[in-house]
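Only this structure's heavy atoms are used, side chains among them; waters, hydrogens and symmetry mates stay out. Each chain gets a letter, A, B and so on, in the order the sequences are listed, and its residues count up from 1. Treat the numbers as computed from the prediction; the structure is a model and nothing was measured.
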Amino acid sequence: MSLSAEIKHLVSTTIAELYPEVDLNATPISINLTKAEFEGDYTVVLFPYVKTLRMKPDVLGNTIGEKLVAQHSLFSKFSVVAGFLNLTIADKYFIDLLQRNFNDKCYGTQALKNNKVMVEYSSPNTNKPLHFGHLRNIFLGAAVSEILKATGNGVVKANLINDRGIHICKSMIAWKKTANGATPESTGTKGDHLVGDYYVKFNELYKAELAQLIAGGMDEKTAEKEAPIMKEAQDMLRLWEAGDPETMQLWKAMNGWVYEGFNVTYDKMGISFDKWYYESETYLLGKKLVEDGLKKGVLFKKENGSIWIDLSADGLDEKLLLRGDGTSVYITQDLGTAKLKYEDFCLSKSIYVIADEQNYHMQVLQLILAKLGEPCAPTIHHLSYGMVELPTGRMKSREGTVVDADDMIAEMVQLALEQTKQQGKTDGFTEEELNQLAEMIGLGALKFYLLRVDPKKKMIFDPKESIDLHGFTATFIQYAHARICSILRKEQVELLPSAAQLNAAKAKTDIHKLEKDLLKHLELYPTVLNNASNELNPSEMCNYCFQLAQLFNGFYAELSISKAESEEAKHFRLMLIVMTALVLRNGMKLMGIALPEKM
RNA sequence: GGUCCGGUAGCUCAGCUGGAUAGAGCGACAGCCUUCUAAGCUGUAGGUCAUUGGUUCGAAUCCAAUCCGGAUCACCA
């Protein structure tokens with residue numbers, strides 16, 4: 001049980017004993033961390049009970065406080081200020097906490113549940129390379145997966161590759177027309193970038209044709225439909241659906257290039273998946289669901305043969321599920337894929353990491369599945385996140401206005417390398433070690449930058465301003481960790497201290513305020529992890545780790561460890577920083593960020 | 001127009017299951033390295049928590065309305 005839960009329990013019991021007339025269900029105890037300017041650790045708000053009991057707040061507070069301190073060794077003293085009962089936690093609690101957990105690698109993690117949660121993220125199109133906006137999706141999905149694992153869930157990390165459709169045909173057409181057989185090998189270009197270049201090329205050609213048609217007197221709408229290159233792309237899509245051998249061959253080749261490129265990027269970022277779905281294999285799945293729905297009377301057919309669902313009773317519109325010619329639309333595939341995922345893994349929860357522009361789509365998807373009576377419906381959860389935009393607006397691959405993911409990673413690593421060299425603290429490092437460190441710092445900064453903000457908030461990223469390595473950053477946390485490791489090296493502390501050291505630390509009775517602040521924060525880790533898991537929000541963990549590093553830095557500046565005032569204090573502090581380093585490592589690992597021992 | 005999301009310091013963001021004088025980082029200014037890593041620490045300046053009204057002993061937090069910004073509402077994906 002967490003400290004605050006324990007306090008809540010003890011206070012509730014005490015109030016119930018003293019004042020049975022108080023209805024604690026109607027007005028539950030409210031416990032907060034005591035504000036820094038007052039003495040104490042946790043505060044009970046008394047106002048809700050003052051009225052019903054018709055007592056003065058200070059009398060009530062003193063009565064409760066006296067009983068608590070007399071009966072429970074958890075509390076060492078109390079004070080009442082206005083309507084607030086400030087409780088001081090006995091040092092022994094924190095000494096025990098440290099003793100129990102300082103080297104527990106599983107501190108805060110929860111026992112394995114017997115469930116399966118799928119987290120689908122990344123899910124790229126195969127017509128262009130990954131950009132900065134995709135990174136937010138990828139890091140979010142990966143972090144949420146790790147957080148769910150740490151809280152005992154069986155997690156399946158899934159990637160649904162959008163490998164078919166008009167967009168890939170556009171790249172294919174442009175390649176056929178202009179590439180002269182260029183391949184990643186022949187050009188020395190990373191496969192995903194090569195294909196992306198032809199996607200941009202397609203749009204250039206398309207625009208030129210549009211301009212010509214419009215100059216010839218055609219209106220814009222017609223021109224968009226009549227442009228020859230667009231017709232070619234649509235013809236190619238038909239050929240693909242018919243399984244035309246030549247088209248399939250080119251499609252496979254170009255997708256293969258893209259996958260090679262993606263895998264390089266995923267590897268670089270430390271991202272992996274347990275299950276890959278390909279839209280080319282799933283895009284026909286939803287049709288049967290739609291046919292069944294029609295039989296059940298949940299759906300209806302219009303004169304032209306198209307099939308719809310009426311969601312107006314739910315405040316939404318009529319939604320098309322199957323075209324008049326019997327072909328699928330976007331949501332048809334998603335219906336089928338949702339069912340497939342559910343049946344593949346017996347999922348208790350299916351999380352979709354998808355940008356908030358698709359909120360409506362996801363809402364409709366879930367509603368339709370529910371109306372069809374599909375058991376997967378209640379398992380679906382849309383983890384919606386805000387898009388990353390440039391100061392000039394949205395990133396658009398076809399316009400070429402994107403910050404490329406590979407470039408961004410390379411830039412951050414380069415920046416980290418320069419600054420590391422400038423610091424001049426890595427003298428004994430080999431070239432290899434230096435590069436590893438730069439990757440840890442550069443990639444860590446990037447991940448943290450994208451994860452530290454509440455997912456639902458939109459972000460604006462200015463490529464002209466490089467991501468900082470000071471302040472609220474991964475670097476700050478990495479640095480605190482390196483400092484701890486430096487002390488531990490110097491003091492030659494093994495991870496498990498000797499019995500003598502343990503006893504020495506136990507003998508310490510008085511805890512300095514800075515030590516206590518650190519311990520109080522360490523105590524919160526399991527609660528924060530649990531919250532981050534419930535909310536699917538890694539930013540809470542980012543904030544927590546940053547605050548912990550901040551508290552450590554304050555402690556470090558004020559209190560010496562190797563020159564502590566006594567042996568007891570020294571061993572106590574060594575244990576304290578061992579635990580701090582452990583929690584920092586575990587917390588940051590959830591975000592895929594490693595902490596160096598030296599930097 | 002309907003629905004959804006956001007609006008907190010110059011900038012980027014915490015805080016939002018109601019609690020004490022609204023917190024960090026960046027930027028600005030002033031200090032701190034013969035003592036464990038200064039990628040750090042300490043301090044100063046900087047706020048009508050978009051606006052108005054309501055609920056309450058108490059509102060950045062809950063409710064309503066308004067204003068601003070964004071997303072979305074295709075036989076596109």
What pairs of nitrogen or oxygen atoms, one from the protein and one from nucleotides 59-64 of chain B, lie under 3.5 Å apart?
none

Listed pairs, N/O of protein and of nucleotides 29-35 of chain B, under 3.5 Å:
residue, atom, partner, partner atom, Å
B:rU35, O2', A:Lys563, NZ, 3.3

Would you tabulate the nitrogen or oxygen pairs shorter than 3.5 Å linking the protein to nucleotides 23-27 of chain B?
residue, atom, partner, partner atom, Å
B:rA24, O3', A:Gln550, NE2, 3.2
B:rG25, O2', A:Phe472, N, 3.1

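Here A:Phe132 and A:Phe461 bring their ring centres to under 6.0 angstrom of each other. For A:Phe552 and A:His481, the ring centers are positioned 6.0 Å apart or more. Aromatic ring centres of A:Tyr283 and A:Trp240: separated by under 6.0 Å. Ring-centre distance between A:Tyr121 and A:Phe139: not below the 6.0 Å cut-off. In this structure, A:Phe555 has its ring center at least 6.0 angstrom away from the ring center of A:His512.
The partner of B:rA22 is absent, by the rule that a Watson-Crick or G-U pair needs both atom distances under 3.5 Å. The nucleotide B:rC29 finds its pairing partner in B:rG43, both defining distances of the Watson-Crick or G-U wobble pair being shorter than 3.5 Å. Shown here, B:rU51 forms a base pair with B:rA65; the pair counts as Watson-Crick or G-U wobble because both key distances fall under 3.5 Å.
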How does protein contact run along nucleotides 2-8 of chain B, one letter per nucleotide 5' to 3', with B for base contact, S for sugar-phosphate only, - for none, heavy atoms under 4.0 Å? ---SSS-

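When each of A:Lys598 and A:Gly324 is assigned the nucleotide of RNA chain B bearing its nearest heavy atom, the one mapping closer to the 5' terminus is A:Lys598.
Contact annotation: side chain of A:Asn86 to base of B:rA20, donor-acceptor pair present below 3.5 Å. The base of B:rA20 is not paired with the side chain of A:Thr34 by any donor and acceptor separated by under 3.5 Å.
In this structure, the nucleotide among B:rC41, B:rU37, B:rA14 sitting nearest to the side chain of A:Val453 is B:rA14. The side chain of A:Tyr556 sits closest to B:rA38 out of B:rU72, B:rA77, B:rA38.
A heavy-atom distance below 4.0 Å to RNA chain B is reached by these residues of residues 383-395 of chain A, ordered by number: A:Arg394.
Atom CD of A:Glu418 has more than 12 neighbouring heavy atoms from other residues, nucleotides or ligands inside a 6.0 Å radius.
For A:Asp517, the side chain to side chain contact (heavy atoms under 4.5 Å, CB included) partners are A:Lys513, A:Lys520, A:Leu551, not counting sequence neighbours.
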